[in-house]
Amino acid sequence: MTHLPPDPRLRRRNHQPPASGRFVLYWMQQAQRVEENPALALAIAEANRLGLPPVVGFALSDRYPEANRRHYTFMLEGLREVAAALADQGIRFVLRLGEPDRVVLELGRQAALIVCDRGYLRHQRRWRRAVGGGAQCPVVEVETDVVVPTGVASDKAEYAARTLRPKILRQMDRFLQPAGPPLRPVHPSLDLDIAGEDPADIPGLLDRLRLAGPVAAVSGWFTGGTGEARRRFQLFLNRSLDPYAAHAHQPQTDHVSMMSPYLHFGQISPVWLARRVREAECGPESRAAFLEELVVRRELAVNFVCHTPDYDAYDGLPDWARETLAAHAADTRPHLYTPAQLEAGQTHDPYWNAAMAEMRATGFMHNYMRMYWGKQVLAWSPSPREAFATLLALNNRYFLDGRDPNSYAGVAWIFGRHDRPWPERPVFGKVRAMTASGLRRKCDIEAYVRKVALRSAASP
DNA sequence: ATCGGCTCGCGCAA
DNA sequence: TGCGCGAAGCCGAT
């Protein structure tokens with residue numbers, strides 16, 4: 001493997017010598033797409049060089065943290081499309097039920113090389129460590145789901161967006177160069193005799209998985225898959241990119257890309273999205289604002305989970321934030337709600353209830369409302385620690401983009417992470433507060449409430 | 001309608 | 001060591 005190009009997106013996961021095998025295995029887990037997938041491209045190139053067919057393997061586990069029907073329907077819609085797109089190229093897609101590390105080590109016994117993509121949460125890292133340590137052939141990891149590879153951007157936990165921003169912007173250009181034309185496999189793998197599930201049988205697969213909770217699918221609002229992501233993004237470019245910057249705090253509009261569910265499952269490439277926006281005709285402010293969200297803040301969230309071992313724990317918050325929240329632990333809470341009352345959207349606040357209804361009905365929430373929604377849970381919970389737990393649970397249960405680095409960075413932001421102190425007030429202490437009067441001042445919040453009422457009434 | 005003050009700590013200039 | 005400034009705000013003064 002000494003021939004591997006010196007590409008900062010590549011990393012060897014073990015030091016096994018070259019092995020013989022029936023195929024080259026691309027273990028797809030994070031980057032659930034065929035287009036703009038550098039891990040798949042590397043697997044095809046290596047397969048051609050070795051004179052072997054490439055095979056794509058995917059492990060479907062119902063032990064994924066907080067897995068439910070909503071997430072899995074969306075993911076399986078995407079994987080069905082992946083299987084069909086791979087078949088068009090003569091590549092076999094092997095879907096197996098089970099824990100990813102075990103499934104991949106089993107499949108990998110017949111592989112000359114394993115290529116994997118890169119998710120950033122601790123269970124995804126654990127799977128890759130286990131595969132790297134257990135495989136009898138070389139394992140190469142490819143960074144697939146950020147623009148600037150994490151180690152190139154920064155090798156430490158960044159304090160805030162302002163400290164990461166210059167590092168990202170300095171490097172962005174070189175990682176937005178278009179890849180060459182997609183490589184075709186010389187040796188097709190469709191006829192290889194490898195057992196796997198039928199990825200097109202979504203109801204059958206869902207029935208066989210033990211999924212938590214009564215959280216319904218939201219296919220009426222969001223259908224999974226790269227084709228659907230591209231269609232939606234084209235609509236965004238046509239209609240919503242130009243007012244994007246001006247309407248960032250206008251949740252009554254739909255001038256947002258809604259790419260986060262597709263990015264979360266790797267169904268669309270952030271590099272491709274960034275290139276499209278750079279080429280788009282729009283005001284420079286909107287172009288910069290979108291790239292700020294897509295690249296700077298999204299990759300700040302990745303930096304956060306990579307360098308904060310307890311990214312999902314209250315104790316991982318900055319000292320100043322924990323200290324000020326502790327100093328206000330005994331403050332009177334004018335409103336207190338249980339997690340069940342919050343989940344049902346039964347509070348005194350119609351704006352908050354609308355946000356919760358949007359989340360339940362569609363699996364999505366406008367960014368500005370996500371902040372307001374989170375800040376109120378802090379205000380209405382018996383303690384910041386309980387608020388933190390409630391927010392993560394609701395986030396990961398209902399959002400299609402739950403359980404993403406952005407989920408953990410977003411919840412931590414509610415409690416002061418990546419933010420600065422502000423004037424001291426009850427309950428919040430020096431952590432930034434948001435209020436209903438602020439919503440009324442800054443946007444047409446009544447129009448947002450009406451929009452959500454229509455949507456949740458029409459909910460499938 | 002707009003403006004300033006509030007508050008902590010990082011990173012750069014000196 | 002000093003200083004400017006920051007992921008999305010609030011509030012009161014003008």
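This is a predicted model, so every value here is computed, not measured. Naming: A, B, ... by sequence-line order, numbering from 1 per chain.
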Novice: C:dA7, C:dC11, C:dG6: which one has an atom nearest the side-chain heavy atoms of A:Arg441?
Specialist: C:dC11
Novice: On the ring face of A:Phe399, is A:Arg370 found with NZ or CZ under 6.0 Å from the centre and within 45° of the axis?
Specialist: yes
Novice: Chain A on DNA chain B: first and last contacting nucleotide, 5' to 3', under 4.0 Å to a heavy atom?
Specialist: B:dC6 to B:dG11
Novice: What interatomic distance, in whole Å, is found between C1' of C:dG4 and the corresponding atom of B:dA14?
Specialist: 14 Å
Novice: Output all residues satisfying salt bridge (Lys or Arg N to Asp or Glu O under 4.0 Å) with A:Arg122, sequence neighbours left out; order by chain, then residue number.
Specialist: A:Asp312
Novice: Judged by modelled atom types alone, do A:Thr163 and A:Glu158 share a side-chain donor-acceptor pair under 3.5 Å?
Specialist: yes
Novice: Is DNA chain C part of any stem, that is, at least 3 consecutive Watson-Crick or G-U pairs with both distances under 3.5 Å, and where?
Specialist: B:1-6 with C:9-14, B:8-13 with C:1-6
Novice: Do any pairs count as a side-chain hydrogen bond (donor to acceptor under 3.5 Å, both in side chains) and have a residue in residues 281-290 of chain A, sequence neighbours left out, and if so which ones?
Specialist: none
Novice: For A:Phe93 together with A:Tyr26, are the ring centres under 6.0 Å from each other?
Specialist: no
Novice: Is the cationic atom of A:Arg128 (NZ for Lys, CZ for Arg) positioned less than 6.0 Å from the six-membered ring centroid of A:Trp27 and within 45 degrees of its normal?
Specialist: no
Novice: Quick one: side chain to side chain contact (heavy atoms under 4.5 Å, CB included) partners of A:Arg102, sequence neighbours excluded?
Specialist: A:Glu99
Novice: Checking all strands, does A:Ala433 fall into the base, sugar-phosphate, or nothing category for heavy-atom contacts under 4.0 angstrom?
Specialist: sugar-phosphate
Novice: List in chain and number order the residues that pass ring-ring contact (aromatic ring centres under 6.0 Å, His included) with A:Tyr311, two or more places apart in sequence or in another chain; answer none if no residue qualifies.
Specialist: A:Tyr408
Novice: Taking atom types as modelled, find out whether A:Glu143 and A:Tyr120 have a side-chain donor-acceptor pair closer than 3.5 angstrom.
Specialist: yes
Novice: With sequence neighbours left out, write down each residue that passes ring-ring contact (aromatic ring centres under 6.0 Å, His included) with A:His249, or none if nothing qualifies.
Specialist: A:Tyr368
Novice: Please list, for nucleotides 12-14 of chain C, all pairs of protein and nucleotide N/O atoms separated by less than 3.5 Å.
Specialist:
none

Novice: Take the angle between the ring planes of A:Trp272 and A:Phe233 and call it parallel below 30°, perpendicular above 60°, tilted in between.
Specialist: tilted
Novice: Side chain to side chain contact (heavy atoms under 4.5 Å, CB included) with A:Trp422: which residues, sequence neighbours excluded?
Specialist: A:Asp419, A:Arg420, A:Arg432
Novice: Would you kindly give the CD1-to-C1' distance between A:Ile414 and C:dG9, to the nearest whole Å?
Specialist: 13 Å
Novice: For DNA chain C, find the residues of residues 368-389 of chain A with a heavy-atom distance under 4.0 Å and give them by number; none if there aren't any.
Specialist: A:Tyr368, A:Met371
Novice: Check each residue of residues 286-299 of chain A for a non-hydrogen atom within less than 4.0 Å of any atom in DNA chain C, then write out the ones that pass by number, or none.
Specialist: A:Glu293, A:Arg297
Novice: Test side-chain contact (heavy atoms from CB on, under 4.5 Å) on A:Thr362 and A:Val218 and set out the steps.
Specialist: CA-CA 6 Å; A:Thr362 71; A:Val218 286; 5.5 Å; no
Novice: I need the CZ-P distance between A:Arg425 and C:dC10, as an integer number of Å.
Specialist: 7 Å
Novice: Whole angstrom is fine here: how far is it from CG in A:Leu300 over to C1' in C:dG6?
Specialist: 13 Å
Novice: Within the 3.5 Å criterion, strictly below it, is a donor on A:Glu299 or A:Asn303 matched to an acceptor on the partner's side chain?
Specialist: no
Novice: Under 3.5 Å, is there a donor-acceptor pair linking the side chains of A:Arg450 and A:Gln252?
Specialist: no
Novice: So, A:Asp349 versus A:Tyr337: side-chain donor-acceptor pair below 3.5 Å or not?
Specialist: no
Novice: Hey, which of A:Arg129, A:Arg125, A:Arg9, A:Arg118 is the one that makes salt bridge (charged side-chain N to carboxylate O under 4.0 Å, His left out) with A:Glu141?
Specialist: A:Arg118
Novice: If we ignore angles and hydrogens, is there a donor and acceptor under 3.5 Å between the side chains of A:Asp117 and A:Thr144?
Specialist: no
Novice: Given the C1' atoms of C:dC5 and B:dG4, what is the spacing between them in whole Å?
Specialist: 15 Å
Novice: Using the P atom in both, what is the distance from C:dG9 to B:dG9, to the nearest Å?
Specialist: 22 Å
Novice: Would you call the rings of A:Phe222 and A:Phe364 parallel, tilted or perpendicular if under 30° counts as parallel and over 60° as perpendicular?
Specialist: tilted
Novice: What nucleotide among C:dC11, C:dA7, C:dG6 has an atom nearest to a side-chain atom of A:Ser437?
Specialist: C:dC11
Novice: Between C1' on C:dA7 and CG on A:Asn303, what's the gap in Å once rounded to a whole number?
Specialist: 14 Å
Novice: Give the residues of residues 155-164 of chain A touching DNA chain C, defined as any heavy atom closer than 4.0 Å, sorted by residue number.
Specialist: A:Ala160, A:Ala161, A:Arg162
